[in-house]
Amino acid sequence: MAATELIQVDRARGVATLTLDSPPNRNALSTPLMTQLLAELDNAVADETVRVVVLSHTGPVFCSGADLKETAAGVAPTDLLAGLLTAIWESPKPVVARVGGPARAGGLGLVAAADIAICAEEATFAFSEVRIGVVPAIISATVLRRLAPRAAAELFLTGDAFDGRRAAEIGLVTAAAPAEALDATVASYCGALLRGGPLAVAGTKRVLHRPAAATVREDLADLAALSAEFFDSDEGREGVLAFREKRSPRWVPDE
């Protein structure tokens, strides 16, 4: 019997949308779902026609966190979750999270790992781990790089729920939009990402995630070399020429 497809994939105009499709358990991070999501993310990264990856969901819930049926049975796929968050964080292609409904616990790790996250204002979030006697350990690797420290302490320790507007205020998401405008907002961000050179976008992600050097002098030396590399690249020369000729670079999709 074929495995149940828990990730739906759609590719259109340079955007691969990977949709969590396990509504019966509220898109929980089960071993099959994470395995399939990791495989489809790898496929999107390897596909030269894909420039942007969107994480979306079916049903009213974005992701309810760990699959508690698995954990109750003694299965805790912690290494798999760590690998999935690493793959999203280190993806050379920008990842956009589209959050139309509640996200809990491990699901917030996905949101924080994405480069850009857009949620519905009505969506709710909670680091609910402490309320079932566990710790938000793995997801802290991505979440604590996004959240304001005081907000992280409050929300990690209390497990209280908060809405999309608060999520934007504390840095968990990029923006919160009215539910009816969510898809248009995601599409707008994807359109903006598609205007960047693919190699330049990947290089910029490296800059965003690189550890700072020991001194500013060392940092500037490394970054000056990186800047020169891109100005001398085919993509950089095309971008500068397109700017001078007042046209779109060749990597921008036709409208």
Side-chain angles (χ1 to χ4, degrees), residues 14-16 18 38 41-55 82-98 108-118 138-152 167-175 185-186 188-253:
V15 178
L18 311 183
L38 188 55
L41 180 61
D42 287 344
N43 289 340
V45 169
D47 187 342
E48 293 183 356
T49 68
V50 172
R51 302 265 305 282
V52 179
V53 178
V54 173
L55 296 181
L84 176 58
L85 296 183
T86 299
I88 296 171
W89 186 266
E90 294 184 349
S91 165
K93 299 178 180 181
V95 178
V96 179
R98 175 198 171 277
L108 277 67
L110 300 182
V111 175
D115 300 288
I116 292 172
I118 311 301
I138 295 173
I139 66 168
S140 69
T142 57
V143 171
L144 292 182
R145 285 172 164 81
R146 305 296 191 194
L147 259 60
R150 282 293 187 186
E169 290 170 358
I170 62 177
L172 178 62
V173 301
T174 309
T185 304
V186 170
S188 177
Y189 273 96
C190 289
L193 291 167
L194 289 169
R195 299 196 67 82
L199 297 179
V201 168
T204 300
K205 283 200 61 171
R206 297 204 324 260
V207 170
L208 288 167
H209 294 165
R210 70 188 290 275
T215 68
V216 171
R217 181 183 294 273
E218 292 170 340
D219 227 5
L220 287 172
D222 291 343
L223 293 169
L226 180 64
S227 180
E229 173 189 335
F230 276 89
F231 271 108
D232 290 341
S233 69
D234 290 342
E235 188 174 279
R237 286 192 291 269
E238 161 64 11
V240 171
L241 181 63
F243 178 81
R244 293 177 61 189
E245 295 178 348
K246 296 181 171 54
R247 61 174 174 81
S248 294
R250 59 174 177 258
W251 60 73
V252 177

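Starting from 1, each residue takes its place in the sequence as its number.
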Could you give the distance from [atom1] ([X]) to [atom2] ([Y]), rounded to the nearest 0.5 Å?
| X | Y | atom1 | atom2 | result |
| --- | --- | --- | --- | --- |
| Ile116 | Thr185 | CD1 | OG1 | 12.0 Å |
| Leu110 | Leu84 | CG | CG | 5.5 Å |
| Arg250 | Leu241 | CZ | CG | 9.0 Å |
| Lys93 | Glu48 | NZ | CD | 7.5 Å |

If you compare all heavy atoms of [X] against all heavy atoms of [Y], which two are closest, and at what distance to 0.1 Å?
| X | Y | answer |
| --- | --- | --- |
| Val201 | Pro94 | CG1-CD, 3.6 Å |
| Glu238 | Arg247 | OE2-NH1, 2.9 Å |
| Leu85 | Ile139 | CD1-CA, 4.1 Å |
| Trp89 | Ala112 | CZ3-O, 3.8 Å |
| Lys205 | Glu90 | NZ-C, 4.5 Å |
| Asp115 | Thr174 | O-OG1, 4.4 Å |

List in chain and number order the residues that pass salt bridge (Lys or Arg N to Asp or Glu O under 4.0 Å) with Arg98, two or more places apart in sequence or in another chain; answer none if no residue qualifies.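 Checked Arg98 against salt bridge (Lys or Arg N to Asp or Glu O under 4.0 Å); matches are Asp183.
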Please list, chain by chain and in numerical order, all residues satisfying side chain to side chain contact (heavy atoms under 4.5 Å, CB included) with Val15, sequence neighbours excluded.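 In terms of side chain to side chain contact (heavy atoms under 4.5 Å, CB included), with neighbours along the sequence ignored, Val15 is linked to Thr17, Val52, Val54, Cys190, Leu194.
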Do the side chains of [Y] and [X] get nearer than 4.5 Å, heavy atoms only?
| X | Y | value |
| --- | --- | --- |
| Leu55 | Ile88 | yes |
| Arg195 | Ser248 | yes |
| Arg210 | Asp219 | yes |
| Leu226 | Asp222 | no |

For Arg146 and Val143: C-alpha separation, side-chain torsions, deciding distance, then whether side-chain contact (heavy atoms from CB on, under 4.5 Å) applies. CA-CA 5 Å; Arg146 305 296 191 194; Val143 171; 5.8 Å; no
For residues 214-250, which residue pairs pass the ring pair (Phe, Tyr, Trp, His ring centres under 6.0 Å) check, not counting sequence neighbours?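 Sorted result for residues 214-250: empty, none.
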Tell me if a side-chain donor or acceptor on [X] pairs with a main-chain N or O of [Y] at a distance below 3.5 Å.
| X | Y | value |
| --- | --- | --- |
| Glu218 | Ala213 | no |
| Thr86 | Ala82 | yes |
| Arg51 | Trp251 | yes |
| Arg244 | Val240 | no |
| Thr204 | Ala200 | yes |

Taking atom CD of Glu245 as the centre, report whether more than 12 heavy atoms of other residues, nucleotides or ligands fall under 6.0 Å from it.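 Yes, because the 6.0 Å sphere around CD of Glu245 holds more than 12 heavy atoms from other groups.
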